[in-house]
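Step one of this worksheet: look at the structure below.
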Amino acid sequence: NEMDGIQPLKAVLVVAATNRPDMIDAALLRPGRFDRLLHVGLPDADAREQILAIHTRGTPLAADVALPTLAVRTEGYSGAELAALCREAALTALQESFDAAEVGASHFDAAMAVVQPRTSEEMLAIYTEVEQRAGAAAAARRRATPRTGGAGTTGAALPGGSELSYPRPPASTSASQVTEPRRVAVP
C-alpha cells in the first residue's frame with residue numbers, strides 16, 4: 001500500500017505526534033496505516049507535582065514554595081508549560097537580584113502571570129471527539145466478520161468495502177511462519 005513505499009517493510013514502527021488531531025487526513029487513520037491513536041492528555045495534579053519536582057530539582061526553592069499547592073494552582077498546564085513556568089520563576093528571581101539564593105513563591109506568582117495554559121476548552125473538546133471517532137473505528141474493526149475466502153485464504157470483511165486477507169498456511173506450518181495480512185478490495 002502507499003504507506004509501504006516501494007518494498008514491503010517489516011518491524012517498522014511509525015510514531016507521529018500532533019496538537020491538531022482534527023487536521024489529520026482520514027486516509028492516514030484507515031486500518032493498516034496508523035492503527036492506534038494515543039491521546040496524552042493534560043497532567044493531573046499528581047503528575048503536575050512530579051513535573052514541577054523534575055524541573056525544580058536543581059533550583060534552590062524558598063521555604064514558602066509548596067509544590068503540591070503549586071500543582072493545584074496550575075490546573076490546565078501542560079508539561080511544557082510547567083517547565084516554562086519553572087524557568088520563568090528562576091529568571092524572575094534573577095531579575096530581582098542577580099545574587100538570588102533561592103526561588104520563592106512570589107517568583108512563581110509572577111511567572112504564572114507570564115506563562116499561562118494554552119489548551120483551550122475548545123481544543124479539549126476536539127481531542128475528545130477524535131478519541132471517540134478513533135474508538136468507534138477500532139470497535140468496528142473488532143466487529144469485523146471472520147469468513148473463509150476462496151483460493152486458500154481466510155479473511156475478515158471490514159466496513160467501507162475492504163477486507164483483510166490471510167493466506168491460509170498448510171497444516172504443518174508453525175505460527176512463526178504465518179504471513180502478515182494484506183488489505184484487498186472487495187469486488
**Q.** Shortest non-hydrogen contact between Val103 and Ala90, atoms and distance
**A.** CG2-CA, 3.8 Å

Q: Go through the steps to decide whether Arg20 and Met123 satisfy the test side-chain contact (heavy atoms from CB on, under 4.5 Å), and finish with yes or no.
A: CA-CA 8 Å; Arg20 288 301 309 264; Met123 279 309 301; 3.8 Å; yes

Q: Specify the closest pair of heavy atoms between Pro117 and Gly76, including all atoms of both residues, with the distance to one decimal.
A: CB-O, 3.2 Å

Q. Who passes salt bridge (Lys or Arg N to Asp or Glu O under 4.0 Å) against Glu102, sequence neighbours left out?
A. none

(Q) Please report the interatomic distance OG1(Thr128) to CD(Glu121), rounded to the nearest 0.5 Å. (A) 9.5 Å

**Q.** Validation row: Leu85, Met112 side chains within 4.5 angstrom (heavy atoms)
**A.** yes

(Q) Once salt bridge (Lys or Arg N to Asp or Glu O under 4.0 Å) is applied, do any residues pair with Glu129, and if so which ones, sequence neighbours excluded? (A) Arg133

Q) Would Leu94 and Phe108 show up in the same hydrophobic cluster when neighbours are defined by side-chain heavy atoms closer than 4.5 Å? A) no

Q. Going by heavy atoms in the side chains, are Glu75 and Leu42 under 4.5 Å from each other?
A. no

Q: Look only at the side chain of Ser78 and the backbone of Glu81, and say whether a donor-acceptor pair between them is shorter than 3.5 Å.
A: yes

Q | Same apolar cluster (I L V M F W Y, side chains within < 4.5 Å links), Ile24/Tyr127 | A | yes

Q: Starting at CD of Glu96, measure out to CG of Leu91 and round the result to the nearest 0.5 Å.
A: 12.5 Å

Under 3.5 Å, side-chain donor or acceptor atoms of residues 51-73 against the rest of the protein: list the pairs with distances, not counting sequence neighbours.
residue: Thr56; atom: OG1; partner: Leu52; partner atom: O; Å: 2.7
residue: Asp64; atom: OD1; partner: Ala105; partner atom: N; Å: 3.2
residue: Arg73; atom: NH1; partner: Asp109; partner atom: OD1; Å: 2.9
residue: Arg73; atom: NH2; partner: Asp109; partner atom: OD1; Å: 3.0

Q. Got a donor-acceptor contact below 3.5 angstrom from the Tyr77 side chain to the Val115 backbone?
A. yes

**Q.** Gap between atom OG1 of Thr119 and atom CG of Leu124 - 0.5 Å precision
**A.** 6.0 Å

